[in-house]
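One structure below.
Being a predicted model, the structure only gives us computed values, none of them experimental.
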Amino acid sequence: MSASGGTKAIVAALAANLAIAVAKFVAFLFSGSSSMLAESVHSLADSGNQGLLLLGGRRARRAATPEHPFGYGRERYIYAFLVSIVLFSVGGMFAIYEGYEKIKHPHPIERWYWPVGVLIFAIIAESLSFRTAIKESNAVRGTLSWKEFVRRAKAPELPVVLLEDLGALVGLFLALIGVSLALATGDGLWDGIGTLCIGVLLILIALVLAAETKSLLLGESAGPEDLRKIERAIVDGDRVTRIIHMRTLHLGPEELLVAAKISVPNDDTAPEVAASINAAEERIRAACPIARVIYLEPDIYRESADAAGINPAASADSR
């Protein structure tokens, strides 16, 4: 994912959520709808989440230091994980609490035109934000399905914004249904049920985000397409005859570490081996530009040693 694409989607979502949060809170003050209060807190939490994503992207661009020689690319993963925590605690748990209170102590909605009007406005604004996120995601997801894109994306911003916007739209429709039923029946219980459903929805989305960003924080290998490019680039059939084993690790969304043991002819001199390694590194960087840190160890491949398990087993990266 390009930094510009991610930033555009985040800014669009931030602008929409700030406007929606203010409108929802005003509607709550005039109508007393708990769904509107839960939705206003939801939009406020989403605004904070987009601020966290922007901050993470900025901090990730810091130059490497002796204390952090591989740079700060994983800051983007950390802040994406914080987003899931905020969405769970501030958005989901607050909505569940507010819904429980409204179910326990229901009261009718006053000035119905405020919540209904604001919800319609919010659906339009959130749809525009969601469309921007979809457009930016389509530019980078290729042939992946939406589920695969969310699970495989190494850059967390677009999946986070996509799920947030989707959750916001579903939540708005739930709020609209709850308010409409409360107005139709004169029973505020429906407003509380709608609020409770919004809370459950937000917690489910937060759990999905937490699981995906946790995997990125632990360290994920390069994607299948990048792995194939790297493998083809390393082996030239002449000076580098095969990959004995290889490991890759994302240091950040656009920073990849490649470490491999490669087979070279047993009669090569030290200068020839050094030249082979340098040439292989150049081929890797040309084939996969995000491969920023590369360590290649030369060795002599022996089939008998490999069959006996003496050579380290090839990792999933090299298969």
Side-chain angles (χ1 to χ4, degrees), residues 1-3 60-77 140-144 148-149 151-156 214-319:
M1 183 195 78
S2 66
R61 290 192 292 271
R62 290 179 294 168
T65 64
E67 186 177 4
H68 298 279
F70 294 117
Y72 294 86
R74 287 196 179 185
E75 288 262 20
R76 288 165 69 178
Y77 300 152
V140 296
R141 74 183 179 98
T143 59
L144 295 176
E148 290 173 331
F149 175 68
R151 298 200 63 182
R152 295 186 185 179
K154 306 302 180 183
K214 175 189 173 184
S215 178
L216 292 169
L217 277 172
L218 289 174
E220 289 189 357
S221 65
E225 184 178 349
D226 284 334
L227 284 174
R228 286 190 291 269
K229 291 178 181 178
I230 294 170
E231 289 169 354
R232 288 194 296 264
I234 290 178
V235 179
D236 64 358
D238 181 22
R239 311 313 305 173
V240 179
T241 58
R242 69 180 296 150
I243 300 171
I244 299 175
H245 66 91
M246 182 174 71
R247 302 288 189 273
T248 62
L249 178 68
H250 267 276
L251 302 173
E254 285 119 26
E255 296 174 278
L256 187 65
L257 180 148
V258 178
K261 179 172 284 192
I262 58 176
S263 174
V264 297
N266 57 11
D267 57 351
D268 273 6
T269 63
E272 288 174 332
V273 170
S276 298
I277 290 174
N278 291 335
E281 289 179 353
E282 290 179 7
R283 294 194 300 269
I284 292 171
R285 290 192 173 93
C288 185
I290 67 171
R292 307 286 178 82
V293 183
I294 303 172
Y295 298 107
L296 300 180
E297 178 186 352
D299 201 351
I300 307 300
Y301 178 75
R302 298 179 181 85
E303 286 191 28
S304 58
D306 194 27
I310 298 174
N311 287 325
S315 67
D317 288 1
S318 60
R319 291 182 184 264

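Residues Ile230 and Leu256 have side chains in contact (heavy-atom distance under 4.5 Å, counting atoms from C-beta outward). Using a 4.5 Å heavy-atom threshold, the side chains of Glu272 and Val264 count as separate.
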### Task
Tell me, with the steps shown, if Ile290 and His250 meet side-chain contact (heavy atoms from CB on, under 4.5 Å).
CA-CA 9 Å; Ile290 67 171; His250 267 276; 3.8 Å; yes
### Message
Using side-chain contact (heavy atoms from CB on, under 4.5 Å), reason through Val293 and Leu249 one step at a time and then give a plain yes or no.
### Response
CA-CA 10 Å; Val293 183; Leu249 178 68; over 6 Å; no
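For Leu251 against Arg74, the heavy-atom pair with the smallest separation is O-CG, 3.1 Å. Between Thr248 and Ser221, the closest heavy-atom pair is OG1-CB, 3.4 Å. Summarising the geometry of Leu216 relative to Pro156, their closest heavy-atom pair is CD1-CB, 4.3 Å, with the distance given to 0.1 Å. For the residue pair Met246 and Ala260, the shortest heavy atom distance occurs at CG-CB, 3.8 Å. Of all heavy-atom pairs spanning Val240 and Asp236, the tightest one is N-OD1, 2.8 Å. When every heavy atom of Pro265 is checked against every heavy atom of Asp238, the shortest pair comes out as CG-O, 3.8 Å.
Counting only distance, with no hydrogens or angles, the side chain of His68 and the backbone of Phe70 share no donor-acceptor pair below 3.5 Å.
In this structure, Arg232 CZ and Arg283 CZ are separated by 13.0 Å, a value rounded to the nearest 0.5 Å. Within the model, atoms CD of Glu225 and SG of Cys288 stand 9.0 Å from one another, a figure rounded to the nearest 0.5 Å.
Glu254 and Arg76 are joined by a salt bridge, as a carboxylate oxygen and a charged side-chain nitrogen come within less than 4.0 angstrom of each other.
Remark: Arg62 pairs with Glu75 by the side-chain hydrogen bond (donor to acceptor under 3.5 Å, both in side chains) rule, at least two apart or across chains.
Under the 6.0 Å distance and 45° angle rule, Arg141 does not count as a cation-pi partner of Phe149.
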